[in-house]
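This report refers to the structure that appears directly beneath it.
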Amino acid sequence: MTTLLLTHPACLEHDTGFGHPERADRLRAIDDALSSDTFKNLKREEAPRAELSQIERLHPKAYVDMVHAEIPKQHHNWLDPDTVVSPGSWEAALHAAGSIIRAVDEVATGRVTNAFCAVRPPGHHAEPSRAMGFCLFNNVAIGAIHARAVHGAKRVAVVDFDVHHGNGTQAAFWTDKDLFYGSSHQMPLFPGTGARDETGVGNIWNAPLAPGDGGDKFRAAYEERILPGLDAFAPDFLLVSAGFDAHLRDPLAQLRLLEPDFAWVTEKLVEAAAKHTGGKLVSTLEGGYDLDALAASTAAHVQGLMGAS
Ligand SMILES: [Zn+2]
């Protein structure tokens, strides 16, 4: 049994322009970090494209058509003040969503234990009908719905440790008691959602943290709120929105996590998967904008996944 690593060169061709934090060098830094001997046992595959029908389980066709129509023939186009697309963005977005689909297929059928998708654009801010926060399609939510539609999962959980609240995933899951969303994030911070009293139909578990909070507060949020909620939900498939922008060095936020905190939360999620899902866990990259912190934190996360496989 093994851990699968999915990525695709098309994800480097989503060009966000000079000075944008969500840039192709993020994936190059991760690729470098995962090239060391420590990771030689990873099973590596190129992510296929998602079918539009798989994306349209979450996003209305009119929205998908709008994103396609907004892709420029050259230069850039802005879907909102943060979310920029270039000629390569469509293929990147299809492969990013496709990586989650393939990862769910491989994990659900038991060909691998778990998987990490090193892809961009990220997804957790994309609402069913709205691109925002660097995100076009909500990769992790598309994966959750795919696990249910194709693999018979009845109760699917997403845990999100990106420093920003995943408003898109929350919006997608809001009225569905068989989809769980648990998130730790800084508040106040973009996108402004994620208060504790946003609970959906009892399936949304937000654990906001204050600027300056470090690993102790982060771990307490999991021990006291998110992990008990996840335990009570008892998922049969677990997905993770793995953003590494809660790191001390990250330029976009003010939490103070270090690599051991990402290793710790990975270990806890792996334990939860072992208990509830037979180990089935698919993790996907969201944010993380300091290249060195991103590379080292991703390496700690993937090592944690490999430790379980
Ligand atoms: Zn983020």
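What's counted below: heavy atoms across the whole structure, side chains too, no hydrogens, waters or symmetry copies. Just so it is clear, the structure is predicted and the values come from calculations on it, not from any experiment. When a ligand or atom number is given, it counts from 1 through the structure's own listing order. Positions are given from 1 along the sequence.
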Quiz item: N/O/S atom of His124 under 2.8 Å from the Zn ion (ligand 1), yes or no?
Solution: no
Self-check item: Nearest to the Zn ion (ligand 1) - the N/O/S atom of Asp245, by atom name
Solution: OD2
Exercise. Using ring pair (Phe, Tyr, Trp, His ring centres under 6.0 Å) as the criterion, list what pairs up with His146, not counting sequence neighbours.
Key: His151
Quiz item: By atom name, which N, O or S atom of His164 is the nearest to the Zn ion (ligand 1)?
Solution: ND1
Quiz item: Does the distance from a Lys or Arg side-chain N to an Asp or Glu carboxylate O, for Arg219 and Asp261, drop under 4.0 Å?
Solution: yes
Quiz item: Is the distance from the Zn ion (ligand 1) to the nearest N/O/S atom of Asp162 under 2.8 Å?
Solution: yes
Quiz prompt | Pairs involving residues 130-150, ordered by first then second residue, that meet salt bridge (charged side-chain N to carboxylate O under 4.0 Å, His left out) (sequence neighbours left out) | solution = Arg148-Asp176
Quiz item: Does the distance from a Lys or Arg side-chain N to an Asp or Glu carboxylate O, for Lys280 and Asp236, drop under 4.0 Å?
Solution: no
